[in-house]
Amino acid sequence: MNKIVECRMLTKVFDNQAKALDQVNLDIEENRIYGLLGRNGAGKTTLLKLITGQLFPTTGNVSLFGKRPHENEALLGNICFVKENAFYLKSFRDLKVKDVLKMAEAVYPSWDCSFAEQLAVCFRLDVNKKTKSLSKGMLSAAAIIIGLACRAPLTIFDEAYLGLDAVLRQQFYNTLLQDYTENPRTIIFSTHLIEECKGLMDRVVILEEGEILLHEDMDKINEKSFYVAGRRELVEQHLKGKCILHTEEMGRLVRMAIFDSLSDIEQNAMRLDGIEIQPMPLQKLFITLTAGNGGGENEQNAAAV
Amino acid sequence: MSKMQLQFRIYMQSLKLPLKVIMAVYLANIIISMAINAVVLKNHDFFSTMGYNTALILLNFILGLLVAIPVVNFNMFNLFLGFGMTRKRYYINMSVFNLLVCFALTLLMTFVYFTLSFMLRSGSKILYVMGFASVDHRLGTIFLFALVCFSVFLVIASLNSLICSVFHSKGGWYGLSALLVALSIPVLFIRQIYDFVVWGGAAALIGTALLAASLGASYLAWRFVSGLEIHT
């Protein structure tokens, strides 16, 4: 598959000496939906801003469609970055929503006007309202409509759903998936609502303290994330050499979170020994990998992943 | 709609608020000064009073607008960079609009100033600004007045753009320092500026020097803008 974003040894240090990203190497492939996950301050937005040329890397480089994104007008028209805080749209003040959509039409060559109108109805957004009078949820809806209708080859949603109620969020996910199926493009989806969005993600990138902890296909994650529970000695014996992320002890019983492949033979053997195997949800995997609660175990295991 | 048209539309839109505020201050100024003339000083020469007030208060209005425009423009940077525009494109468009605004304001100022003489009832009431007399309608005088006005307006807008670019790219303390440096320049030459405003002088030379200073300030502003990062 073609790589449309290539980050090499990307480091960003801010003026206050805080290292937001540390030697990140990341390739984003064409026509896939990426889930970018990370705790607050993990460096997600910084990474996205570096990709879109809004920030300059301290060291390392980013290439977008094989070129540097900075000050490259032809490239920037192919990117749509829907930011987490759609309040910037309020800067349009007296302009009506329909005028803002017309402007987006001027910026994005592949803008679909009828789709935008359709989405406005779907999200119950009054296009005759002035942007300054829109609520938080409606601002997010307007930003999402721009993100979806622009059909930019690289579309980035950075926690774009803020203020949207559960129904509208679901509508957004459904529309995104349906439109992606009809018009494949690369979408990066940064979110904290992991369980809600996991159905969208094709590939997952987990960032923690400016470093990539995990970069894996969703299918492979599902094949490798397990909870294994049973008698301690038996579980330890079966999981020897496997990547154990976390261990919970309950008397003689243990429950281990693992991130490793288990063949059918291995699973059957464990079940015969009375060991219970359950798939681990993505959110639990994320918490296990990133919850640095003082104990070094998680961090060591995360490094192993 | 091209990106330039798009930016122009927002530019005009963003000017609405400062325009309203400055216009309100301007109108209040005129009304108060006219009321003082009519009620306190018992001077009922309406046109004369209005003529004097208009020229001076218009100048304040223009200066207010020239300060507000770059501030508003720099606050819109974030919006346009998120809308697929480059720093260079935004800055060039912004500079072109600023030039147009300075040109329009110069026309307005020149028109108001030189039509004052028709509003004044008595020929003895002549308004002198930068050594130019409002009753002197020779083409050369009008052109020179317009040139000086244009260069003054442009240098204010350019310096203000430079200060805003420092604020946005280097942070508040550097911005404040740039502001103090910019303010200290006229303070250092206050005597010369006073003499020039009252008596006039080498208008063509000063106009050209100010235009050169505007170019220098615009270049420096561009240097800061090209390294501007969008954090919000």
Side-chain angles (χ1 to χ4, degrees), chain A residues 12 14-16 20 45-46 48-50 52-58 68-96 99-111 130-132 143 146-147 150 152 154 156 158, chain B residues 1-21 68-69 71-94 164-175 222-232:
Chain A
K12 178 67 186 171
F14 287 111
D15 292 342
N16 56 6
T45 304
T46 304
L48 297 177
K49 283 185 173 175
L50 285 164
T52 53
Q54 299 199 4
L55 295 178
F56 296 98
T58 309
R68 279 190 76 219
H70 299 287
E71 298 298 277
N72 193 331
E73 200 161 15
L75 273 189
L76 294 178
N78 288 326
I79 308 170
C80 180
F81 185 14
V82 181
K83 293 181 189 175
E84 60 184 315
N85 189 347
F87 274 106
Y88 66 93
L89 285 180
K90 281 208 173 189
S91 309
F92 286 120
R93 297 194 59 79
D94 288 331
L95 284 189
K96 290 176 180 174
D99 294 324
V100 176
L101 297 181
K102 264 187 201 162
M103 288 180 176
E105 191 179 353
V107 173
Y108 299 108
S110 42
W111 178 262
K130 289 179 177 176
T131 50
K132 67 178 179 186
I146 293 173
C150 74
L154 174 61
I156 298 169
D158 186 10
Chain B
M1 195 192 291
S2 69
K3 283 183 183 174
M4 190 167 191
Q5 284 172 312
L6 165 70
Q7 193 181 335
F8 186 67
R9 194 167 176 188
I10 303 295
Y11 180 84
M12 296 309 290
Q13 192 76 33
S14 63
L15 279 187
K16 263 189 180 175
L17 186 67
L19 207 64
K20 278 181 193 166
V21 173
I69 287 172
V71 175
V72 173
N73 267 299
F74 271 89
N75 284 333
M76 305 291 282
F77 231 107
N78 178 19
L79 184 69
F80 281 96
L81 255 65
F83 247 70
M85 206 175 263
T86 58
R87 292 162 181 83
K88 190 177 176 183
R89 164 80 62 194
Y90 185 83
Y91 186 73
I92 289 172
N93 288 354
M94 190 178 90
C164 287
S165 64
V166 176
F167 252 112
H168 282 263
S169 60
K170 298 285 169 197
W173 287 112
Y174 282 95
W222 162 241
R223 297 292 298 173
F224 284 110
V225 164
S226 58
L228 193 69
E229 291 193 323
I230 303 299
H231 293 284
T232 50

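Every chain is numbered from 1, with letters handed out A, B, ... down the list of sequences.
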- prompt: Using non-hydrogen atoms only, which part of A:N72 is less than 4.5 Å away from chain B: side chain, backbone, both, or neither?
  reply: backbone
- request: Spell out, as yes or no, whether a donor-acceptor pair under 3.5 Å connects the side chain of B:R89 to the backbone of A:E71.
  value: no
- prompt: Given a strict heavy-atom distance threshold of 4.5 Å, which part of A:L55 is in contact with chain B: side chain, backbone, both, or neither?
  reply: both
query: For B:Y174, does the OH atom have more than 12 heavy-atom neighbours from other residues, nucleotides or ligands under 6.0 Å away?
result: no
- line: dist B:E229:CD -> A:Q54:CD (nearest 0.5 Å) comes out at 10.0 Å
query: So what's closer than 4.5 Å to chain B heavy atoms on A:A152: side chain, backbone, both or neither?
result: neither
